[in-house]
Every structure is written in structure tokens, then in C-alpha cells.
There are 2 protein chains.
Amino acid sequence: MKTLKYSRQRESIKACLMARHDHPTADALYTLIREEYPNISLGTVYRNLNLLVELGEIQKLTCGDGADRFDADTSPHYHFVCKHCGKVSDLPLDPMENINHMAQEHADGTVDSHTIYFYGTCKDCFENNYR
Amino acid sequence: MKTLKYSRQRESIKACLMARHDHPTADALYTLIREEYPNISLGTVYRNLNLLVELGEIQKLTCGDGADRFDADTSPHYHFVCKHCGKVSDLPLDPMENINHMAQEHADGTVDSHTIYFYGTCKDCFENNYR
DNA sequence: ATTATATTAGTAATTGTTACTATTTAATAA
DNA sequence: TTATTAAATAGTAACAATTACTAATATAAT
């Protein structure tokens with residue numbers, strides 16, 4: 001079987017993601033990590049992010065704009081996406097486990113999870129007249 | 001200003017999408033429409049789909065797997081995504097307007113809409129032992 | 001019919017992401 | 001400590017989804 005081996009790069013990627021609350025894209029993380037590891041490759045960032053997702057140590061966010069984003073907080077929670085600047089922020093709203101059961105009643109299959117993205121205008125964009 | 005001009009292709013794209021309930025990707029629609037317009041181009045399909053989304057006549061679904069999907073039903077409703085085969089189906093669950101207000105209380109901005117995707121295993125995949 | 005402009009087909013370019021490969025690194029055994 | 005094995009890497013190429021470009025065509029208005 002395939003056993004996991006330590007890698008400085010992977011540790012750095014995870015540490016970097018944990019230190020942030022802005023849900024960076026793979027490319028944004030790549031730029032950040034290159035300050036510490038100037039010749040890390042973008043493929044290494046992607047590979048490790050996907051691996052960490054598989055291990056359940058981080059989660060991937062697909063919120064409709066271009067690139068996927070990553071979140072070191074794996075507890076169930078929701079996100080708020082600004083339609084103007086694309087910023088994604090955590091929404092400390094209690095997770096609604098019950099809606100899986102509500103959906104189950106109408107679904108043609110077994111429901112076991114859900115994602116919710118809320119869309120609107122963030123405070124910054126509102127104050128700056130939507131940029 | 002830019003005035004809209006009729007196009008057979010656009011009509012065909014919309015009609016084709018309205019006739020389906022399986023939320024096809026742009027490429028899937030392209031294949032379907034080529035039966036009627038054998039030399040329509042993929043770019044035309046993408047351009048018109050995006051235009052129809054802007055006009056509010058259809059909606060785009062981004063459910064995390066590869067390509068975006070399109071839905072001619074613009075009324076607020078939710079979707080069920082099978083984690084095994086990727087099939088996306090409508091979930092006739094009453095839209096929860098109230099959760100925008102719930103989110104509003106915790107969001108750093110103005111919330112005006114949301115999307116929910118439910119994930120699980122569809123009946124077909126379950127019966128076929130997950131393929 | 002003439003004109004103006006939106007739309008198109010076809011193609012090239014871009015973006016986000018994954019795959020490939022020779023080299024390096026980490027874990028293990030001798 | 002050195003030798004062995006396999007995982008991870010950097011660098012690059014390939015890929016898939018989507019958008020941009022352009023000359024030709026279709027639509028609407030004059």
C-alpha cells in the first residue's frame with residue numbers, strides 16, 4: 001500500500017492555509033509559499049492541496065467564480081460570497097443538519113451532505129459604491 | 001447602447017435547454033444542437049448561454065465537478081448531486097427564503113440570495129453498487 | 001435596396017488543473 | 001552509517017473548460 005511520507009512543502013502549505021481566513025486559491029497559496037520556498041512548483045501545491053482534501057484535513061470550496069478555493073476549517077459551516085469583488089468569507093451560522101433529512105424526502109437517492117453559499121454585497125464594496 | 005438581435009441559434013439553444021431536465025453542460029448542448037445546426041460553433045453555445053444567464057432567462061449551476069451546467073428553470077429551487085456518477089437533479093424542496101435573513105445576521109455585508117447543493121448517492125448508483 | 005450593427009463559425013488564446021519524468025528526499029533495513 | 005526502497009519534488013508538457021478574436025453573415029432599421 002501507499003504510505004505517506006513527510007514533506008516540508010506539504011507542511012508549509014497546510015500551515016500557510018491554517019494561518020489565513022480568506023480561503024485562498026491554489027495560485028494565491030503558491031505565491032505566498034514561494035516566499036519561504038522560492039522554487040516550489042505549482043503542481044506540488046495542487047497535488048498536496050488535493051491530498052489534504054482526501055485526508056479530510058482541509059476542504060475545497062467551489063463557489064462559482066473562477067478557481068477553487070481552500071479552507072483549513074473542516075467543520076461544517078457556510079460561506080458568504082461577494083458578487084462584486086469575489087471575496088469569500090466564513091458565515092458563522094449554525095450548520096443545519098436537518099435540511100439533509102428534508103431534502104432526503106424529495107431526493108431520488110441518499111442525501112448525506114450539503115453546501116450553502118450565500119451571495120450578496122460585502123461591506124467594503126457597499127461602502128466603495130460597488131467598486 | 002447594444003440592442004439585442006434575433007438569432008436562430010440562440011432560440012434553438014434555449015428551446016433545447018427548456019426541453020431537458022438533466023441540466024446539461026455547454027458541451028452536451030453543443031452536441032445536441034448540432035443535430036439541428038450541424039455547423040454551430042461551441043463558442044456560439046457558450047456565448048448565448050452566458051447571455052441568457054445575464055438576461056435572467058436561464059441559470060448556471062456550478063456544482064463542483066468539472067463543467068458548469070445550465071438550467072432553464074429560473075425559479076428558486078435546489079439540486080441533488082450524485083457523488084458517484086455526477087448526475088444533477090432538481091430537488092423539489094420549498095425554497096427557504098428565511099435563511100437569507102438568518103445569514104444576514106452573521107454576514108459582513110448584504111445577503112440577497114443563496115444556493116444549496118445536496119450531495120449523496122442516486123438510486124441508480126445505489127442499485128448498481130456505486131457503479 | 002442600402003446601411004448599420006449584432007451574430008456567427010472557425011480558430012486561437014487563456015485559465016485552471018492534472019499528468020509525466022528524471023531527480024531528490026524521507027523512512028527503513030542492513 | 002550506508003544501502004535500499006518508495007514517496008515527493010521541480011519543471012515541464014498536456015489537458016479541459018472557457019473566452020477572445022476576426023472576417024463573413026444575418027438581422028433590423030432606413
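The sequence lines fix the lettering, A, B, ..., with proteins before strands; numbering per chain opens at 1.
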Indicate, with a heavy-atom threshold strictly under 4.0 Å, whether [X] touches base, sugar-phosphate, or nothing.
X     : value
B:Y6  : sugar-phosphate
B:R10 : sugar-phosphate
B:L42 : base
B:T25 : nothing
B:D27 : nothing

Measure [atom1]/[X] against [atom2]/[N] and give the value in whole Å, please.
X     : N      : atom1 : atom2 : value
B:R47 : C:dT11 : CZ    : P     : 16 Å
A:I40 : C:dT23 : CD1   : P     : 21 Å
A:K5  : C:dT25 : NZ    : P     : 13 Å
A:R34 : D:dT9  : CZ    : P     : 16 Å
A:E11 : D:dA7  : CD    : P     : 18 Å
B:L51 : D:dT18 : CG    : P     : 17 Å
B:I33 : C:dT8  : CD1   : C1'   : 14 Å
A:N39 : D:dT9  : CG    : P     : 12 Å

Closest nucleotide among [options] to the [X] side chain:
X     : options                : result
B:N50 : D:dT18, D:dT19, C:dT17 : D:dT19
B:Y46 : C:dT18, D:dT18, D:dA10 : D:dT18
B:T3  : D:dA10, C:dA6, C:dT8   : C:dA6

Relative to each other, are the rings of B:Y78 and B:F118 parallel, tilted or perpendicular (30° and 60° limits)?
->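 Judged by the thresholds at 30° and 60°, the geometry between B:Y78 and B:F118 is perpendicular.
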Do A:N48 and A:K14 have side-chain N/O donor and acceptor atoms under 3.5 Å apart?
->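 No, A:K14 and A:N48 have no side-chain donor paired with an acceptor closer than 3.5 Å.
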Check the side chains of B:H23 and B:D90 for a donor-acceptor pair under 3.5 angstrom, ignoring hydrogens and angles.
->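 On atom types as modelled, these side chains qualify, holding a pair under 3.5 Å.
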Are A:V88 and A:I116 connected, step by step, through hydrophobic side chains (Ile, Leu, Val, Met, Phe, Trp, Tyr) whose heavy atoms are closer than 4.5 Å?
->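 Cluster IDs for A:V88 and A:I116 differ.
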Mapping B:N48 and A:R8 to their closest nucleotides on DNA chain C, which lands nearer the 5' end?
->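 Nearest-nucleotide comparison on DNA chain C picks B:N48.
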Taking the six-membered ring of A:Y30 as reference, does the NZ or CZ atom of A:R34 fall below 6.0 Å from its centre and within a 45° cone about the axis?
->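 Satisfied, under 6.0 Å and within 45°.
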With DNA chain D as reference, determine whether A:Y37 or A:K2 sits nearer its 5' end, using the nearest nucleotide of each.
->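 The residue whose closest nucleotide sits nearer the 5' end is A:K2.
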